[in-house]
Every structure is written in C-alpha cells, then in structure tokens.
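Reviewing the structure listed below.
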Amino acid sequence: MKLDAWLLEILACPNCGGALRPDDPAGELVCTGTCGYAYPVRDDIPVLLVDEARTPAP
Ligand SMILES: [Zn+2]
C-alpha cells in the first residue's frame, strides 16, 4: 500500500472527522478519532465511505 504523506494529512474520517493512520498489513486506513473505523484501500485509493468501513470489534 502506497499513500503519500500529504494525502494522509488532508484525509479525515468521514464519520467523526478524526485523523487516519495507515495500517499496511491490513491494507486499511484506521481512524484515530472517536469511532475507530477502518477504511479499505483499493489499488492505493482510500475508500472513505462509512458504508465500506469495518467497524472495530466491540
Ligand atoms: Zn472516525
């Protein structure tokens, strides 16, 4: 997974507005805000849709 640093800086969680942290092994962007959703990255394109997000395990 290759994401530019500048891209990560402007991206925010669409659910809570928190910053996103790349999780390379999982190929996901994980929200570091209040919701903790994990968004998939497909072909190096982050899919920042709440409907596509993986919610954290309870
Ligand atoms: Zn969030």
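Not measured: the values here are computed from a predicted model. One-based numbering, in listed order, for ligands and for the atoms of each.
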- Shell of protein N/O/S atoms around the Zn ion (ligand 1), taken as anything under 2.8 Å: Cys13 SG, Cys16 SG, Cys31 SG, Cys35 SG

- For the residue pair Val50 and Tyr37, establish whether any side-chain heavy-atom pair is separated by less than 4.5 Å.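 SC-SC contact between Val50 and Tyr37 confirmed.
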
- Query: Are Leu8 and Val30 connected, step by step, through hydrophobic side chains (Ile, Leu, Val, Met, Phe, Trp, Tyr) whose heavy atoms are closer than 4.5 Å?
  - Reply: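 Looking at the clustering, Val30 is in a separate group from Leu8.
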
- Indicate yes or no for a side-chain donor-acceptor contact from Asp44 to the backbone of Lys2 under 3.5 Å, with no hydrogens or angles considered. yes

Without placing hydrogens or testing angles, list every side-chain donor-acceptor pair under 3.5 Å for residues 51-58, not counting sequence neighbours.
unit_1, atom_1, unit_2, atom_2, d
Glu52, OE1, Arg42, NH1, 3.3
Glu52, OE1, Arg42, NH2, 2.8
Arg54, NE, Glu28, OE2, 2.9
Arg54, NH2, Glu28, OE1, 2.6

- Could you name each residue pair satisfying side-chain hydrogen bond (donor to acceptor under 3.5 Å, both in side chains) that touches residues 5-25, not counting sequence neighbours? Asp4-Trp6

- Task: Sequence neighbours left out, what passes side chain to side chain contact (heavy atoms under 4.5 Å, CB included) with Leu11? Give chain and number order.
- Result: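 Leu11: side chain to side chain contact (heavy atoms under 4.5 Å, CB included) contacts with Leu7, Leu20, Leu29, Pro46, Leu48.
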
